[in-house]
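All remarks here apply to the structure that follows.
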Amino acid sequence: MALVSEFLGQLSLNVAHEPLYPTVVPARDFDPDRDATRIETAIKTKGVDEQTIIDVLTKRTYSQRREIAFAYEKRAKKDMITALKAALSGSLETVILGLMKSTSQYDASEIRGSIKGLGTDEETLIEILCSRSNDELVEIKKVYSDLFKKDLAKDVAGDTSGNFAKLLLALVDTKRDEPSAIVDYEKIDADARALYDAGVKIKGTDVNTWISIMSQRSVPHLRKVFDKYKSYSPYDMQESIVKEVKGDLQKSFLVLVQCFENKQLYFANKLNEAMKGKGAKEKIVTRIIVSRCEVDLKKICSEYKDTFGQSLQQAITEHTKGDYQKAMLSLCGPDQQ
């Protein structure tokens, strides 16, 4: 029972103000008892019936999977997550166990995994903290504390340093303004000017000014600021970042700006990068598809197709194989012609 409550926790409502474009939507004619029976039979089958597990769990929302887990426990007198863990292995196990967490629990677990133990997985840390909305980050902080009995800000501070740490901590602080219906042209101009004055205009960079503007202003406001910025600077914001700062700080600012401008295009680019050459960087592909399937994966798919001339589903088919491929394709949903 402990495991069910630990992983499934409180069913968190999706608090994002941003419009949702999920590929995984509530299944119609949903019957948790019937699904629990199917899962139980699939696990007991000699050699495990992975296809049924994929068919059921990738086509249900988190709240539905949670109901299945409770129905399974009632039926089998066993914890479903433990049973799935024992029955599955490799990439498919990672995907299915990821799906048994809510979006914010999954994000919190990925962050925890990136800072636990020796060394830090900066790429994961940057991707999640710099691409999530303020509402998502508020939820992640709460869930992180519930799951790991630790403070996210303290863990991030303990694992990063310098201006990189300052930027991530400013994002974790979740002080971003709410979008407003009123467009403040004076403030847009002042912020654009301040970004220019703090970077390209001077020798060196006043990073603190960049951090405070990029971590506190609303996203619609920042889009207008970056547009206005071009009237002061010979470079756009992304070019300025590349010229002014280096390393993880540069990567973080770039992810932020790309996500402010078009978050789904950022994820499409990242998926394309992860599937270049032979095979795929499964960790990245899994993280994006599992974490975004109930948020905006449909829009990521359409950005992918528009940008790369082939569908995300085609790329997954070319670069992955077996049950992992089946699960990824199922989460992406049908290829929209």
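Position 1 is the first residue of the sequence; numbering continues from there.
- Two residues are said to be in side-chain contact when any heavy atoms from C-beta on lie closer than 4.5 Å; Trp210 and Met237 meet this criterion.
- Linking Ile, Leu, Val, Met, Phe, Trp and Tyr residues whenever their side-chain heavy atoms come within less than 4.5 Å leaves Val25 and Met328 in two separate clusters.
- Checked for salt-bridge contact, Lys142 and Asp146 meet the test: a charged N lies under 4.0 Å from a carboxylate O.
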Next item on the list: Step by step, work out the side chain to side chain donor-acceptor pair (under 3.5 Å) result for Ser302 and Tyr21.
Entry: CA-CA 11 Å; Ser302 77; Tyr21 303 94; over 6 Å; no

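- Shortest non-hydrogen contact noted between Glu123 and Ile284 is OE2-CD1, 3.5 Å.
- Leu265 and Val219 are not part of a single hydrophobic cluster, where members link through side-chain heavy atoms under 4.5 Å apart.
- Across all non-hydrogen atoms, the minimal contact from Pro179 to Pro220 is CB-CG, 3.9 Å.
- Within the 4.5 Å cutoff, side-chain heavy atoms of Arg38 are placed close to those of Asp35.
- Ion pairing between Lys305 and Asp335 holds under the 4.0 Å rule for side-chain N and carboxylate O.
- Side-chain contact between Val172 and Lys141: present, with at least one pair of heavy atoms (C-beta onward) separated by less than 4.5 Å.
- Side-chain contact between Val156 and Phe164 is absent, with no heavy-atom pair separated by less than 4.5 Å.
- Of all heavy-atom pairs between Arg34 and Asp29, the closest is NH2-O, 2.9 Å.
- A salt bridge does not link Asp227 to Lys224: none of the charged side-chain nitrogens sits closer than 4.0 Å to a carboxylate oxygen.
- Within a 6.0 Å radius of OH in Tyr235, other residues, nucleotides and ligands contribute 12 heavy atoms or fewer.
- Considering only heavy atoms from C-beta on, Arg112 comes within 4.5 Å of Asp155 through its side chain.
- Taking a 6.0 Å sphere around NZ of Lys298, one finds it holds 12 or fewer heavy atoms contributed by other residues, nucleotides or ligands.
- Side-chain contact between Cys130 and Leu171: present, with at least one pair of heavy atoms (C-beta onward) separated by less than 4.5 Å.
- In the displayed structure, Lys187 atom NZ is contacted under 6.0 Å by more than 12 heavy atoms of other residues, nucleotides or ligands.
- Both Ile54 and Phe30 are assigned to one and the same hydrophobic cluster, defined by single-linkage of ILVMFWY side chains at heavy-atom distances under 4.5 Å.
- Side chain of Thr307 to main chain of Tyr304: no donor-acceptor pair is present (N/O by atom type, distance under 3.5 Å, no hydrogens or angles).
- Put simply, the side chain of Arg65 gets close to the backbone of Leu57: a donor and an acceptor are under 3.5 Å apart.
- Ion pairing of Lys263 with Asp296 is absent here, as no side-chain N (NZ or NE/NH1/NH2) approaches a carboxylate O to less than 4.0 Å.
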Next item on the list: Would you sort out whether Glu136 and Arg292 count as a salt bridge (charged side-chain N to carboxylate O under 4.0 Å, His left out), showing the intermediate values?
Entry: CA-CA 12 Å; Glu136 286 170 329; Arg292 306 314 285 182; 3.8 Å; yes

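- Asn269 and Glu273 share no side-chain donor-acceptor pair at under 3.5 Å.
- Side-chain atoms of Arg75 never come within 3.5 Å of backbone atoms of Ala36 as a donor-acceptor pair (strictly under, hydrogens ignored).
- At least one donor-acceptor pair closer than 3.5 Å links the side chain of Ser180 to the backbone N or O of Ile182.
- Side chain to side chain, Ser114 and Thr124 fail the donor-acceptor criterion of an N or O pair below 3.5 Å.
- When the side chains of ILVMFWY residues are joined at heavy-atom separations under 4.5 Å, either directly or via intervening members, Leu168 and Val138 end up in two distinct hydrophobic clusters.
- No side-chain heavy atom of Thr52 sits less than 4.5 Å from a side-chain heavy atom of Thr45.
- Applying side chain to side chain donor-acceptor pair (under 3.5 Å) to Glu318 and the options Gln310, Gln325, Gln313 leaves one that passes, Gln310.
- Atom NZ of Lys281 has 12 or fewer heavy atoms from other residues, nucleotides or ligands within 6.0 Å.
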Next item on the list: Under the salt bridge (charged side-chain N to carboxylate O under 4.0 Å, His left out) rule, what do Lys228 and Asp191 come out as? Steps first, then yes or no, please.
Entry: CA-CA 9 Å; Lys228 184 72 185 170; Asp191 282 347; over 6 Å; no

Next item on the list: List the steps and the verdict of side chain to side chain donor-acceptor pair (under 3.5 Å) for Tyr324 and Thr286.
Entry: CA-CA 9 Å; Tyr324 175 73; Thr286 302; 2.8 Å; yes

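- Aromatic ring pairs are classed by plane angle as parallel below 30°, tilted from 30° to 60° and perpendicular above 60°; the pair Tyr196 and Tyr232 is parallel.
- Within the 3.5 Å criterion, the main-chain N or O of Ala198 finds no donor-acceptor partner in the side chain of Lys201.
- Under a 3.5 Å cut-off, the side chain of Glu294 and the backbone N or O of Pro22 do not form any donor-acceptor pair.
- Scanning both residues, Ile43 and Ile53, for their nearest heavy atoms gives CG1-CD1, 4.1 Å.
- Counting heavy atoms from C-beta on, the side chains of Tyr144 and Ser104 never come closer than 4.5 Å.
- Looking at every heavy atom in both residues, Leu84 comes nearest to Met100 through CD1-CG, 4.3 Å.
- When all heavy atoms are compared, the tightest approach of Gln250 to Val242 is NE2-O, 3.4 Å.
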Next item on the list: Under the side chain to side chain contact (heavy atoms under 4.5 Å, CB included) rule, what do Arg132 and Asp107 come out as? Steps first, then yes or no, please.
Entry: CA-CA 9 Å; Arg132 299 318 188 240; Asp107 283 347; 2.8 Å; yes

